[in-house]
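Have a look at the structure below before the remarks.
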Amino acid sequence: GAVVSQHPSWVICKSGTSVKIECRSLDFQATTMFWYRQFPKQSLMLMATSNEGSKATYEQGVEKDKFLINHASLTLSTLTVTSAHPEDSSFYICSARRDRGMGQPQHFGDGTRLSIL
Amino acid sequence: GENVEQHPSTLSVQEGDSAVIKCTYSDSASNYFPWYKQELGKRPQLIIDIRSNVGEKKDQRIAVTLNKTAKHFSLHITETQPEDSAVYFCAASDSWGKLQFGAGTQVVVTP
């Protein structure tokens, strides 16, 4: 159990385009989903926490108008990178957690490699 | 906020030997410590986790130890195999349930 699906796996697009990434929990309901960004040979950097039915909480330095997050249901969260530029190129990974609070494992999606030309 | 430090950054071991990765954390309120394995271009996979009410946990060749007083925790891999080669991340859960990751350790197991 605890399967998280992320789509698309790879996106190449022109500068100025908006890109939507979907994160789905396939066999459980996720009260909380997280969005991370990972640069090559670096660790995972948390961008925002997404709770179903409420506004996402963004980490310091992450522009909420640039990275729009919607958590419309207990199985789906989306990240939209608006007006993407080359510096937004990165590996974006979502994770989902079944229950709230501490001590709960996060299960990761396969990630989306975003390349902006 | 929570700060997690991880060492070493790279670790090369002979097949069959043991590998140890160490992490320290700063927030004494943290009570959940997972370890993830990430192969190149793939998702991080949870390999073992430990909660603060436990000092040690073992799963076959993998074990994790936690010292709450010293605020450090370690991953031990015994009888390493080539398929253990990957990047390993430790993490600590802060009071909001968010994970703070260490910088990662590149483990290379040579036959």
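Naming convention: chains lettered A, B, ... in sequence-line order (proteins, then strands); numbering from 1 in each chain.
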Would you mind checking which part of Gln106(A) comes under 4.5 Å of any heavy atom in chain B, side chain (CB onward), backbone (N, CA, C, O), both or neither?
both
Atom group of Leu44(A) that falls short of 4.5 Å from chain B, counting heavy atoms
both
Within the side chain of Ser43(A), is there an N or O that forms a donor-acceptor pair under 3.5 Å with the backbone of Gly102(B)?
yes
Quick one: do [X] and [Y] end up in the same hydrophobic cluster if we chain Ile, Leu, Val, Met, Phe, Trp and Tyr together by side-chain heavy atoms under 4.5 Å apart?
X: Phe101(B); Y: Ile47(B); value: no
X: Tyr36(B); Y: Tyr36(A); value: yes
X: Leu26(A); Y: Val4(A); value: no
X: Leu11(B); Y: Ile77(B); value: yes
X: Val20(B); Y: Val64(B); value: no

Taking all non-hydrogen atoms of both residues, which atom of Lys98(B) and which atom of Phe34(A) are closest, and how far apart?
CG-CE2, 4.0 Å
To the nearest 0.5 Å, tell me how far Gln38(A) CD sits from Phe89(B) CZ.
5.0 Å
Could you state the interatomic distance from CD (Gln100(B)) to CE (Met45(A)), rounded to the nearest 0.5 Å?
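Gln100(B) CD to Met45(A) CE: 10.5 Å, rounded to 0.5 Å.
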Can you check whether Leu99(B) reaches Arg97(A) side chain to side chain, under 4.5 Å on heavy atoms?
no
Heavy atom to heavy atom, less than 4.5 Å: which residues from residues 108-117 of chain A reach chain B?
Phe108(A), Gly109(A), Asp110(A), Arg113(A)
Using a 4.5 Å heavy-atom cutoff, which residues in residues 54-88 of chain A come close to chain B?
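The stretch touches chain B at Glu59(A).
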Under 4.5 Å from any heavy atom of chain A, what part of [X] do you find: side chain, backbone, both or neither?
X: Leu46(B); answer: side chain
X: Phe33(B); answer: neither
X: Pro44(B); answer: both

Look at atom CD of Glu79(B) and say whether more than 12 heavy atoms of other residues, nucleotides or ligands are closer to it than 6.0 Å.
no
